[in-house]
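Computation of the quantities below employed the complete heavy-atom set of this structure, encompassing side-chain atoms and omitting hydrogens, waters and symmetry-equivalent molecules.
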Amino acid sequence: VLRTAARKWRPAIHAVVGGEPIEPQLKFIEKGVAVLVGTPGRVLDLMRRQAIVLKHVQAVVLDEADEMLLRGFKPDLDAILAHLPTERQTILVSATVGSEVRAYAAKTLRAPQEVGMGEAKAAATLAHHLVMAPRSGKGPILEHLLREHAEQAIVFVHKIEETKRLAMRLRYAGIEAAYLSGDLPQENRKETMERFRKGVYRVLVATDVASRGLDIPEVGLVVNYSVPPSADQYIHRAGRTGRAGRQGRVVTLSYREEAEDLKRLRQTVALEVLKVVPKAPKTPPEAWRPPLEEAMPQAPGARAKRPPKIQKHLGWFEDRPLDERRSRPSAPTQPRSRSGKRPR
């Protein structure tokens, strides 16, 4: 985004992100950088390696400050700010301004001016629905919604381990699904998002790591598989659809046991109750498998290269349930001797 905004001046703008190889990032830095965009951990790593010197920095922006504090980056931020010049401009940006953010702003900023955008609200182009799920589970309702809605969709869950389990369930139901969470390496996250943008995957099952900064206009449906614990989280998730004036739909699935969170949410957002009766398909759907990578075309006479390897978390066979793995034929066992030991 910065490169696009500053294309007239063409300054050197580079990103340094943890989870990616550091060598290419070091090469860019050696050539000189005007604007450095980075995650706290990787910036601190580069400082310790003495690859970057911050004494000439004129401005620093702490973006998504609430998320960084929530994820425990406060010690890293403190260490970085301690090496910056006293005379500088500091901009702290936060979608939600709670007590922790205010306390950090008071400690970090000097004579700050607060610029507010008003209370966070969902876009007017969104339709908000609530589906009360029976005790039998939310899975059949989710499958029905995704089959009924042909556009791309994001399904938000609370726990990291739920992302893979739910994505695999959808694949077995014939729905093109992938999963995304903060536990995946950066390379895998980038590949998953690239495939989702291209439409290889129609559904993305994700934690709140995908609730901010994700701009894919084709996403027409957001499903909260569990009731979000706060209205702010709901609004951030809902913001992944209905972008640039388009129509979007947000559906929240709730059990009776989630009544407390649901009551808090309905004080802020008007949810229209929707009755969904999932119907069993006439013919059982075929399980969906991710397509294999195609080999790159080679020059005549050149040695053919193997197609690139699919990342493990995207491959079909790596993600099969345990029962199916157990059903595979096992290697033949050697007979034991009378002593109970295998012959050498």
Side-chain angles (χ1 to χ4, degrees), residues 1 39-40 61-74 77 91-109 112-131 138 153-160 162-163 180-183 189 204-216 219-255 257-273:
V1 171
T39 51
V61 179
L62 303 177
D63 192 19
E64 304 284 12
D66 53 344
E67 277 294 297
M68 288 200 287
L69 293 174
L70 182 67
R71 294 175 188 275
F73 285 117
K74 186 175 179 293
L77 293 175
I91 301 169
L92 188 147
V93 184
S94 181
T96 57
V97 184
S99 56
E100 193 176 5
V101 173
R102 288 196 178 278
Y104 197 73
K107 174 188 168 185
T108 311
L109 309 180
Q113 295 181 11
E114 187 170 340
V115 180
M117 300 300 290
E119 192 181 347
K121 292 181 182 178
T125 53
L126 297 181
H128 304 272
H129 296 292
L130 168 68
V131 178
K138 298 177 180 179
I154 301 178
V155 180
F156 283 103
V157 297
H158 284 334
K159 297 178 182 174
I160 287 171
E162 279 185 298
T163 55
L180 187 77
S181 70
D183 264 16
R189 277 187 266 170
L204 185 68
V205 182
T207 55
D208 280 309
V209 76
S211 68
R212 301 189 188 199
L214 197 66
D215 186 14
I216 301 175
V219 173
L221 174 68
V222 164
V223 179
N224 292 310
Y225 198 67
S226 301
V227 179
S230 72
D232 283 329
Q233 267 183 305
Y234 179 93
I235 288 165
H236 284 306
R237 292 178 180 185
R240 300 313 103 204
T241 183
R243 299 180 75 81
R246 296 189 180 204
Q247 297 297 314
R249 188 179 176 202
V250 186
V251 180
T252 301
L253 309 184
S254 173
Y255 287 128
E257 291 77 8
E258 297 173 277
E260 189 108 4
D261 287 337
L262 186 59
K263 184 180 177 182
R264 277 200 301 268
L265 179 62
R266 297 186 85 171
Q267 288 172 354
T268 310
V269 184
L271 301 176
E272 182 187 345
V273 178

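- Side chain of Thr241 to backbone of Val219: a donor-acceptor contact under 3.5 angstrom is found.
- Looking at residues two or more places apart in sequence or on another chain, you find a side chain to side chain contact (heavy atoms under 4.5 Å, CB included) between Ser226 and Lys138, His158, Glu258.
- A heavy-atom distance below 4.5 Å is not found between the side chains of Glu67 and His236.
- For the atom pair CG (Leu69) and OG (Ser94), the distance works out to 8.0 Å, reported to the nearest 0.5 Å.
- Between Thr252 and Pro228, some side-chain heavy-atom pair lies under the 4.5 Å cut-off.
- For the atom pair NE2 of His129 and CZ of Arg249, the computed distance is 5.0 Å after rounding to the nearest 0.5 Å.
- No side-chain heavy atom of Leu62 sits under 4.5 Å from any side-chain heavy atom of Ile91.
- Looking at heavy atoms from C-beta onward, Tyr104 lies in side-chain contact with Leu77 at the 4.5 angstrom threshold.
- Atom-to-atom distance recorded for Asp183:CG and Thr207:OG1 is 8.5 Å, nearest 0.5 angstrom.
- The shortest side-chain heavy-atom distance between Val251 and His128 does not fall under the 4.5 Å cut-off.
- For the pair Met68 and Asp63, the tightest heavy-atom approach, listed with the atom from each and the gap, is CE-O, 3.2 Å.
- Partners of Glu260 according to the side chain to side chain contact (heavy atoms under 4.5 Å, CB included) rule, which considers only residues two or more places apart in sequence or in another chain, are Arg264.
- In terms of heavy-atom proximity, Arg266 sits nearest to Val273 at NH2-CG2, 3.9 Å.
- Residues Leu265 and Ala231 come closest through the heavy atom pair CD1-CA, 4.1 Å.
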Please test Asn224 against Val250 for side-chain contact (heavy atoms from CB on, under 4.5 Å), starting from the C-alpha separation and ending with a verdict.
CA-CA 8 Å; Asn224 292 310; Val250 186; 3.9 Å; yes
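- Once rounded to the nearest 0.5 Å, the distance linking CG of Leu130 with CG of Leu262 reads 5.0 Å.
- Taken to the nearest 0.5 Å, the CZ atom of Phe156 stands 9.5 Å off from the CG atom of Leu180.
- Judged as a side chain to side chain donor-acceptor pair (under 3.5 Å), and not counting sequence neighbours, Tyr225 has no contacts.
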Test Leu271 against Tyr234 for side-chain contact (heavy atoms from CB on, under 4.5 Å), laying out the working first.
CA-CA 12 Å; Leu271 301 176; Tyr234 179 93; 3.5 Å; yes
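- Taking CZ from Arg240 and CG from Leu126, the interatomic distance works out to 11.0 Å, rounded to the nearest 0.5 Å.
- Thr163 places a side-chain N or O within 3.5 Å of a backbone atom of Ile160 that can act as its donor or acceptor partner.
- Inter-residue side-chain proximity for Asp208 and Gln233 is flagged as met; some heavy-atom pair is nearer than 4.5 Å.
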